[in-house]
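Each remark here refers to the structure printed beneath this line.
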Amino acid sequence: MGYDEPGREGSLEPSSGVPASVLENVFDDPAHGEPGRDRIAVHLLWEALLLIAVGVVGYLLWRESPETLRGSGLRSLLVAAVTLGLLALAAGLSLRTAVVNLAIGPVAVAAALHVAEQGDRGVVNAVAPAAAVAALGGLALALAVVVLHVPAWAASLAGAAGVIVYIEQRSAPVLVQGEYDPNSGATQLFAGFAAVAVLGGLLGATRPVRRLIGRFRPVADPARRRGAVAAFVAAGALIGSTVLAMLAGVLMAAGDGGPVAPTPGLDWTVLAVGAALLAGTSGYGRRGGVFGTLLAVCLVTLVLTYAQARGWTVSRWAVGGAALGIGLVVTRLVEAYGRPAAGSTAEPAPGGDGRISTGWTMTRSDPADTWPPTLPTQTTESPADPWSSPQWDTGPRRWDDGGR
């Protein structure tokens, strides 16, 4: 039996009498969502535009510098795309779960410095401690976000500041000590990144997964907790995004071939979050495309390479800022046209009228009349006395006539 208490979530059943079991299959967010399911057409349309842009920039790069698209130039280009792709996956994962992780850039630079210093011990011995530290750091960030229920952007920015303190302990670039060269397996690395990006997009397009990863997305008061399941999903996303950023740092150190500069790394954060938003991932969480991450990463990588081939001085800040600006517009389009269609309603289960025959649920009856019933209002005038009527005092008495 439900009670109207402040702060208490209402029943999932609307006044139309549709059973809650039906709403679970129709609503993306049964507790607070709109009737209907998210639409994917807007993502596919935007991804088609991204594909055209990739083709145009790729053609321009081929005309300007054909050697970058074949041989060793192509392998270096693929490794650069995978490096940015891992960061974009980290940003996209945290965005989809509504807990954006702004520490991914500094984490990648810190991991690159560590691998550059410890690379002579072997790839596994250098990467394993970095992975453990990244997982623990992601766990600490997750606990701060889900236990205290504070904004993820603020908590991750504080974490980024702590990582930057570690980076600033080095005053000069660090030479890479190891011999690992990811360019030799660039094709396999890019194929693996593409598979993860597309499969992740396909899983995110399914209703159960989309609803699961979007549980932390605020729907009313953003300071209100969203439940234990949402907390576990958000925590897993923060840990996973931190580990993905660490893996990007490994490629950042081994793929470039030059020394690793101890930069703060926030430019990588801006570039990665911009690429994720450009891919069609909503800045509010839950909604995202299928091929968008792969296409956006390819587009940004080609733009940076084309600018370098033309001799332009274009920083990651500029490209990341432009991607962020376009991505915010894409977020508005995704939220406006990706939500359920206006006027869509939940359909009752087959074989029932949606009120009683589909289960124990029934609509609330009309309110009962007041009991005891209210007495009619009496007038202030005195009622006429029937015994004082003139017809009893005047007129002939017929029974007297009969006695004469």
### Task
Please examine the side chains of I167 and T263, heavy atoms only from C-beta on, and report whether any two atoms are closer than 4.5 Å.
no
### Query
So do L295 and T293 actually touch side chain to side chain, heavy atoms under 4.5 Å?
no
### Query
Is any side-chain heavy atom of L299 less than 4.5 Å from a side-chain heavy atom of V303?
yes
#### Entry: Shortest non-hydrogen separation from A253 to A112 and the atoms involved
CB-O, 3.5 Å
### S156 (side chain) donor-acceptor with A152 (main chain) under 3.5 angstrom
yes
## Note on the structure
dist L247:CG -> T242:OG1 (nearest 0.5 Å) comes out at 11.0 Å
### Task
Determine, stepwise, if the pair T206 / V209 fulfils side chain to side chain contact (heavy atoms under 4.5 Å, CB included).
CA-CA 6 Å; T206 60; V209 176; 3.4 Å; yes
### Query
Taking all atoms of both residues into account, what is the closest heavy-atom pair of D181 and A254, and its distance?
OD1-O, 4.4 Å
### Task
Given side chain to side chain contact (heavy atoms under 4.5 Å, CB included), test R287 with R217 step by step and report yes or no.
CA-CA 10 Å; R287 296 188 172 103; R217 168 175 167 154; 3.4 Å; yes
### Task
Sequence neighbours left out, what passes ring-ring contact (aromatic ring centres under 6.0 Å, His included) with F291? Give chain and number order.
none
#### Entry: Gap separating the CG atom of L77 from the CG atom of L304, nearest 0.5 angstrom
10.0 Å
### Donor-acceptor contact below 3.5 Å, side chain R226 vs main chain R215
yes
### Task
State, to 0.1 Å, how close L95 and A276 come at their nearest heavy-atom pair, and which atoms those are.
CD1-CB, 3.8 Å
### Sub-4.5 Å side-chain heavy-atom contact between E117 and R170
yes
## Note on the structure
The reported gap from CE in M246 to CG in L251 (rounded to nearest 0.5 angstrom) is 10.0 Å
#### Entry: Contact check, side chains of V273 and L87, non-hydrogen atoms, under 4.5 Å
no
### Task
Please confirm whether F216 and H149 have ring centers closer than 6.0 angstrom.
yes
### Message
How long is the straight-line distance from CZ of R316 back to CG of L266, given to the nearest 0.5 Å?
### Response
11.5 Å
### Query
Do the side chains of L333 and W46 get nearer than 4.5 Å, heavy atoms only?
no
### Query
If you look at every heavy atom in A91 and I104, which pair is closest and at what distance?
CB-CD1, 3.8 Å
### Query
To the nearest 0.5 Å, how far apart are CG in L44 and CG in L49?
11.5 Å
### Query
Distance from L50 atom CG to H43 atom NE2, nearest 0.5 Å?
12.0 Å
### Query
Testing W312, Y59, W62 for ring-ring contact (aromatic ring centres under 6.0 Å, His included) with Y306, which one passes?
W312
### Query
So, E47 side chain and G292 main chain: donor-acceptor pair closer than 3.5 Å or not?
yes
### Query
Do NZ/NE/NH1/NH2 and the carboxylate oxygens of R39 and E335 come within less than 4.0 Å?
no
### Task
With the side chain counted from C-beta on, respond yes when P262 and V109 share a heavy-atom pair under 4.5 Å apart, and no when they do not.
no
### Task
Would you check, one step at a time, whether the test side chain to side chain contact (heavy atoms under 4.5 Å, CB included) holds for L139 with L141?
CA-CA 5 Å; L139 178 60; L141 176 60; over 6 Å; no
### Message
Given 3.5 Å as the limit, does a donor-acceptor pair link the side chain of R310 with the main chain of T305, or not?
### Response
no
Can I get a per-line list of side-chain donor-acceptor pairs under 3.5 Å for residues 232-241, giving both atom names and the distance, sequence neighbours left out?
residue: S241; atom: OG; partner: N101; partner atom: ND2; Å: 3.0
residue: S241; atom: OG; partner: A237; partner atom: O; Å: 3.0
residue: S241; atom: OG; partner: L238; partner atom: O; Å: 3.0

### Task
For the residue pair L69 and L61, establish whether any side-chain heavy-atom pair is separated by less than 4.5 Å.
yes
### Task
Please report the closest heavy-atom contact between A134 and V243, naming both atoms and the distance.
CB-CA, 4.3 Å
### Check against side chain to side chain contact (heavy atoms under 4.5 Å, CB included), L277 and V330
CA-CA 7 Å; L277 292 176; V330 175; over 6 Å; no
### Query
Can any side-chain N or O of T301 pair as donor or acceptor with the backbone N or O of C298 at less than 3.5 Å?
no
#### Entry: Donor-acceptor under 3.5 Å (R96 side chain, S282 main chain)
no
### Message
Can you confirm whether E67 is buried at CD, in the sense that more than 12 heavy atoms of other residues, nucleotides or ligands lie under 6.0 Å from that atom?
### Response
yes
### Query
Can you tell me if S76 uses its side chain to pair, donor with acceptor, with the backbone of G73 under 3.5 Å?
no
### Task
Kindly give the heavy-atom pair with the smallest separation between V260 and A116, and that separation in Å.
CG2-CB, 4.0 Å
